Amino acid sequence: MAQITKRSEDYSRWYLDVIQAAELAENSPVRGCMVIRPNGYAIWENIQRTLDDKFKELGHVNAYFPLLIPKSFLAKEAEHIEGFAKECAIVTHHRLKQVTKNGKTTVIPDPDSKLEEEYIIRPTSETVIWDMYRKWIQSYRDLPILINQWANVMRWEMRTRMFLRTTEFLWQEGHTAHATAEEGREETLQMLEVYRWFAEDILAMPVITGAKTANERFAGAVETFSIEAMMQDRKALQAGTSHDLGQNFAKAFDVKYQDAEGKVEHVWATSWGMSTRIMGALIMTHSDDDGLVLPPRIARIKAVIVPIWKNDEEMAQVVDAAEKIAAELRPIIGTVHIDKRDNMRPGWKYGEWERKGVPLRMELGPRDLADEKVMLVSRHDRNKQPVGFTDLAAVVPVELERIQQDLYDQALKRRKEATFDIDSWDEFTKLFKGEGGFAHCHWCGDGDCEQTIQGKTKVTIRNIPFDRDETKGECVHCGKPSIGRVLFSQSY
RNA sequence: CGGGGCGUGGCGCAGCCCGGUAGCGCACCUGCUUUGGGAGCAGGGGGUCGAAGGUUCAAAUCCUUUCGCCCCGACCA
């Protein structure tokens, strides 16, 4: 097993090493597209399950729309096309043809199968969905429509990174239609709150909620909101977005409804999404130089029992005891894995489960068996404690909760230590030339000024936090009046 | 797409400059001894060197093209 590069040595390589060591994902033969391996996909399945339950609890239903979108659809919303045109894969033919050249057989697109209207592979599904909504919406009684879709999308980015920016990625995209602007805005904010809850309570990842600036807004949105998390290298990562689309898509796709008074109006829309990118955030938030660290609430395997033995007789006894412990704990905490492999020694197994991020390990050998206890070890802080068999059912869930809370507290502490109020351009450039972090600064509100800052420093406004300091001040860059602080950081 | 680096068994690498038909460590398989923080010994299997084309009696080594990965830049809900 290759060594994991230390974070302090090369953060990017560390990130890739952790993904490899924990067998989460691997590059595929397709440019920018990764294979999500079983260990990684198990995390995604837990993410899906948890979010899906929450969406449904709030009245949403799932549906599925096609992968391919008629090219003309994308042109209907002016800003939307501008935002996505440069990163679309296009389907131009529907058939291959075998050709033999110099004795070698290859396939080419059959010229006779060229499509009249080309399709693009969806970079997001607003357009197909709104084309259908036009047919489904006539009256205020048809509203609201609260649909979510779990899907893959494709964006042909110049530079890809595992999980954070892959050409194809998995996500959920919610698309809702409402009778009023207020209701649309309410839905947008409600879903942002779902993402905040999910990031903080499930992934133990503290986030800052707020509105995006006009420059950073989703193509076609009236307002975009985001949750922003800080990674261990102090860069920001946008972990989820919720968009108030106003009537832009309803107008582009001519979706109208008649209200109770008989008046006809365009409907109001929202869309919101969280993608496999969140897994990159999860990895970078908690993991350490020994590999993956997972919060218990999102880990597939909550605890692993490593039995220790010297001979067949001991093995039988120890494994038997492990089975009983696992059977008792499973109804309480979920999956408990017993590592019965007899071709490796305990020390190797400890290392392997640490790399893979299993939150709790229980060491169980003949000596423990005699004392009726196990050695309970937590992945994130290596805390070791002997626990009596009869206490396990009470202690293990408490320990898992402790881990969950610890990881959140650690992440929050790291963020606080790297967050500053900055009031001068000197300090600003000094911070971002050095260690970086989150900077709450006054900003004049001018998009050109924002872009100048980005051009000079690579620093962008992550969002305008809901709970920002609204005392007046002067723009950190141009000195013009500001009505409050916004969040600046370098980002992924 | 521009600059830099790199593609050799599952992983990490050597060989390439000065062409002669592939080697090391780990992993893997078999056996025995082991098993409380990454076990030891013995035996064994696996690659034609990212791909295509060219030069040559001969190419992992030289030339051309191309694909992919990593870093920086540009770009990027």
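All values reported here derive from a predicted model rather than from experimental measurement.
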* To do: For A59(B) and A51(B), measure between their C1' atoms and round to the nearest Å.
  => 15 Å
* Structure fact -> From OH of Y350(A) across to P of A39(B) the rounded distance in Å is 11 Å
* Structure fact -> Winner on side-chain proximity to R361(A), out of C75(B), U35(B), G37(B), is G37(B)
* On a whole-Å scale, what distance lies between the C1' atoms belonging to G20(B) and U30(B)? -> 36 Å
* Asked: CD of E168(A) to OG of S28(A): how many Å apart, nearest 0.5 Å?
  -> 8.5 Å
* Asked: Within less than 4.0 Å of OP1 or OP2 of G37(B), is there a side-chain N or O belonging to K384(A)?
  -> no
* Shortest side-chain distance from P346(A), nucleotide among U35(B), C71(B), C69(B) -> U35(B)
* Donor-acceptor pair under 3.5 Å: do we get one between D368(A)'s side chain and the base of G36(B)? -> yes
* Asked: Can you check the R161(A) CZ to C71(B) P distance for me, whole Å?
  -> 5 Å
* How far, in whole Å, is C26(B) from A42(B) if one measures between their P atoms? -> 12 Å
* To do: Just call it for P366(A): base, sugar-phosphate, or nothing, with non-hydrogen atoms closer than 4.0 Å on any strand.
  => base
* Option from E200(A), E193(A), R196(A) for which side chain to side chain contact (heavy atoms under 4.5 Å, CB included) with T209(A) holds -> R196(A)
* Structure fact -> From the list H380(A), Q232(A), R379(A), side chain to side chain donor-acceptor pair (under 3.5 Å) with D288(A) holds only for R379(A)
* Asked: Expressed in angstrom and rounded to an integer, what is the separation of E157(A) atom CD from C70(B) atom P?
  -> 14 Å
* Does NZ or CZ of K54(A) lie under 6.0 Å from the centre of the six-membered ring of W197(A), at an angle within 45° of the ring axis? -> yes
* G38(B) phosphate, OP1 or OP2, under 4.0 Å from R355(A) side-chain N/O -> no
* Polar side-chain contact Q20(A)-G12(B) base: donor and acceptor under 3.5 Å -> no
* Asked: Starting at CZ of F218(A) and ending at P of C76(B), how long is that distance when rounded to a whole Å?
  -> 15 Å
* Asked: C1' atom, G47(B) versus A27(B): distance in rounded Å?
  -> 15 Å
* **Spacing of M375(A) atom CE relative to G37(B) atom C1', expressed in whole Å** => 12 Å
* To do: Could you work out which one of G68(B), C1(B), C70(B) sits closest to the side chain of M158(A)?
  => C1(B)
* Could you tell me the separation between the CG atom of D233(A) and the P atom of C71(B), rounded to a whole number of Å? => 12 Å
* Asked: Taking atom types as they are modelled, is there a donor-acceptor pair under 3.5 Å from the base of C75(B) to the side chain of R159(A)?
  -> no
* In whole angstrom, what separates Q454(A)'s CD from C75(B)'s C1'? -> 10 Å
* Integer angstrom distance from the C1' of G38(B) to that of G5(B) -> 32 Å
* Return no unless some side-chain N or O of R345(A) is found under 4.0 Å from OP1 or OP2 of G36(B). => yes
* Between atom CZ in R367(A) and atom C1' in U35(B), what is the gap in whole Å? -> 12 Å
* Looking at every strand, decide which applies to E216(A) at a 4.0 Å heavy-atom threshold: base, sugar-phosphate, or nothing. => sugar-phosphate
* Closest to side chain of E363(A), choosing from C70(B), U35(B), G37(B) -> G37(B)
* To do: Starting at CG of L294(A), measure out to CD1 of I283(A) and round the result to the nearest 0.5 Å.
  => 8.5 Å
* To do: Using the C1' atom on both, measure C24(B) against G15(B) and round to a whole Å.
  => 11 Å
* Asked: Looking only at atom C1', what distance separates U35(B) and C13(B), rounded to whole Å?
  -> 31 Å
* Cation over ring, R415(A) on F438(A), under 6.0 Å and within 45°? -> no
